[in-house]
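Below, each value reflects all heavy atoms present in this structure, side chains not excepted, and no hydrogens, waters or symmetry copies. What you see is a predicted model, and the numbers here were worked out from it, not measured in a lab.
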Amino acid sequence: MMDTVATRAVDQNAEILTDLAKKIWDHPETAFNEVKACEWTAEVLRNAGFEVEVGYVGMPTAIRATWGKGHPKIGFLGEYDALPGLSQKVSTEKEPVTAGAPGQGCGHNLLGVSCVGAALGMKAELEATGKEGTVVFYGCPAEEVLTGKAFMAREGAFADLDAAFSWHGSSENTLTTGTMTGLNSAVFHFHGITAHAGGDPQNGRSALDAVELMNVGANYLREHVTSDVRIHYVIKEGGTAPNIVPDNASVWYYVRALSREAVEDTYRRLVKIAEGAAHMTETELEIEFMGGCYNTLNPVMLTNLTHDVMEQIERPQWTKEEEAFAKALNEKSPQYEAVKASGKLENGPLCTYVTPVRNENGYGSTDVGDVQHIVPCVQVMTATYNLAAPGHSWQITACAGMSIGMKGMLYGSKVMAAAAMKLVEDPKLVEEAKEEFKKQMNGKTYKCPIPKEIPIPQPQK
């Protein structure tokens, strides 16, 4: 098993790291509102000797913390935002701490801290060996609304890195060279004329009719897009009573695809459908563009290197209590029978293995894709919850607040720190990664999906 200064440093800082993760779990904050998480994370990094900037690139809850000098300059992409409505106790029953409140249903209380741990580990080994290199931790707000890193990139973040690492909790220890979708998000507001729906309907111009016609058009569009495209929506506003013609209505759309080009082309066509709906109903259309992100672009060489490191580092040893907790969660999961049939539960309710590197596409999205179109960036995933947990669920919140999540988090820190040190020890690997990145980009350059005129959101008072 691999045992290095960097991996030992993670263990030496385990109490500090788990305390930080638990504090963030206890105080979940949603996208762009991660005030406490940002403050506490910055404090840990300052105490460890990093030069810390809070409010980086004009984002109140963004952090850039650096230590060291020269190259390679390695970035670690932390996150800490929670999900609305996923408050949950550390319990095998669905039991919110506060009904309707946010919770760490994607484990981002672990995510930022795992990257802090990796930064501390890399720093410790650079200090011990005297080797040259710069550690950069980024506290990235608002991943759950898929715009935090894009706003940061718009203002010039990440461009000076040689390579970067991102980590996420999972049901397994795994890495992928597959692609996750890029995305555009927009709310289409229609404004019409109110009237009595029974007494003088001829004078009304229904904004809700426009929304419904847009949705019909979007559903017909599905037949004429490539198979990787996903279009989904929710009506945000639709009127107040059946006998009142709605003068205002709105619908929120996500457009996803496996390439940025397909996202933009499908979104362009969706806008035309919205304009057509406005013409048909004699309503006015207002488009509120919420932002967008790139598809992921996983580096093959760095992913394989990191996978080799992952296999060599000792994996978490699960206690009987942790296994019992996970078993109870698995049995309550709607995915239980499917996961059981796959054979994944044969060796227990929690992952004990490292999967081969996967080359499978996924249809979720992450703003890590923006960073991956700027610099070679690996996504590491380690087991932090039960094998049958559904994504974005109360089960993940429960595991993220207890030892199961903490153990997987620290394992992820060790993997990233040790893989980063491989780049320090062999500069040729950095050059290989950059050359592969150049070929993947194939002459393209990153263009932020969020226009300059859209302001950075501010924390809610």
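- Remark: Met180 CE to Asp367 CG distance equals 10.5 Å, nearest 0.5 Å.
- For Lys22 and Asp26, the salt-bridge test passes: some basic side-chain N is under 4.0 Å from an acidic carboxylate O.
- Residues Val116 and Leu17 are in side-chain contact: their nearest non-hydrogen atoms beyond the backbone lie under 4.5 Å apart.
- The aromatic rings of Phe188 and Tyr253 lie perpendicular to each other, with more than 60° between the two planes, well past the 30° mark.
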Steps toward side chain to side chain donor-acceptor pair (under 3.5 Å) verdict (Tyr446, Asp370): CA-CA 8 Å; Tyr446 175 77; Asp370 288 78; 2.6 Å; yes
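- A salt bridge links Glu155 with Lys452: at least one charged nitrogen is closer than 4.0 Å to a carboxylate oxygen.
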How far apart are the C-alpha atoms of Tyr220 and Asn215, what are their side-chain angles, what is the distance that settles it, and do they pass the side chain to side chain donor-acceptor pair (under 3.5 Å) test? CA-CA 9 Å; Tyr220 277 105; Asn215 294 344; over 6 Å; no
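- Scanning both residues, Gly192 and Ala207, for their nearest heavy atoms gives N-CB, 4.1 Å.
- Side-chain atoms of Thr355 and Asn173, non-hydrogen and from C-beta on, never get closer than 4.5 Å to each other.
- Side-chain atoms of Gln460 and Phe32, non-hydrogen and from C-beta on, never get closer than 4.5 Å to each other.
- At least one side-chain heavy atom of Ile287 sits less than 4.5 Å from a side-chain heavy atom of Val271.
- Within the 4.5 Å cutoff, the side chain of Val187 has heavy atoms near those of the His189 side chain.
- Inter-residue side-chain proximity for Phe165 and Leu77 is flagged as unmet; no heavy-atom pair is nearer than 4.5 Å.
- Under a 4.0 Å N-O distance rule, the pair Glu172/Arg358 qualifies as a salt bridge.
- Salt bridge annotation for Glu51-Arg46: absent, with no cationic side-chain nitrogen under 4.0 angstrom from a carboxylate oxygen.
- For Lys444, the NZ atom counts as loosely surrounded, since its 6.0 Å shell holds 12 or fewer non-hydrogen atoms of other residues, nucleotides or ligands.
- Checked options Gln440, Lys447, Met441; the residue passing with His373 is Met441 (criterion: side chain to side chain contact (heavy atoms under 4.5 Å, CB included)).
- Contact check for Asn386 versus Pro349: no side-chain heavy atoms found under the 4.5 Å cut-off.
- The minimum heavy-atom distance linking Tyr267 with Ala186 is given by the pair OH-CB, 3.6 Å.
- Between Glu264 and Arg260 a salt bridge is recorded (basic side-chain N to carboxylate O distance below 4.0 Å).
- Residue Lys340 qualifies as open at atom NZ: its count of foreign heavy atoms under 6.0 Å is 12 or below.
- Aromatic pair Tyr254/Tyr233: centroids not less than 6.0 angstrom apart.
- Between Asp200 and Arg205 there is no salt bridge, since no side-chain nitrogen of the basic residue lies less than 4.0 Å from a carboxylate oxygen of the acidic one.
- The shortest side-chain heavy-atom distance between Thr30 and Asp81 does not fall under the 4.5 Å cut-off.
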Just do the side chain to side chain donor-acceptor pair (under 3.5 Å) check on Gln88 and Thr397 with the steps written out, would you? CA-CA 6 Å; Gln88 170 63 29; Thr397 310; over 6 Å; no
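- In this structure, Asn295 CG and Arg256 CZ are separated by 12.5 Å, a value rounded to the nearest 0.5 Å.
- Other residues, nucleotides and ligands contribute over 12 non-hydrogen atoms within 6.0 Å of the NE2 atom of His191.
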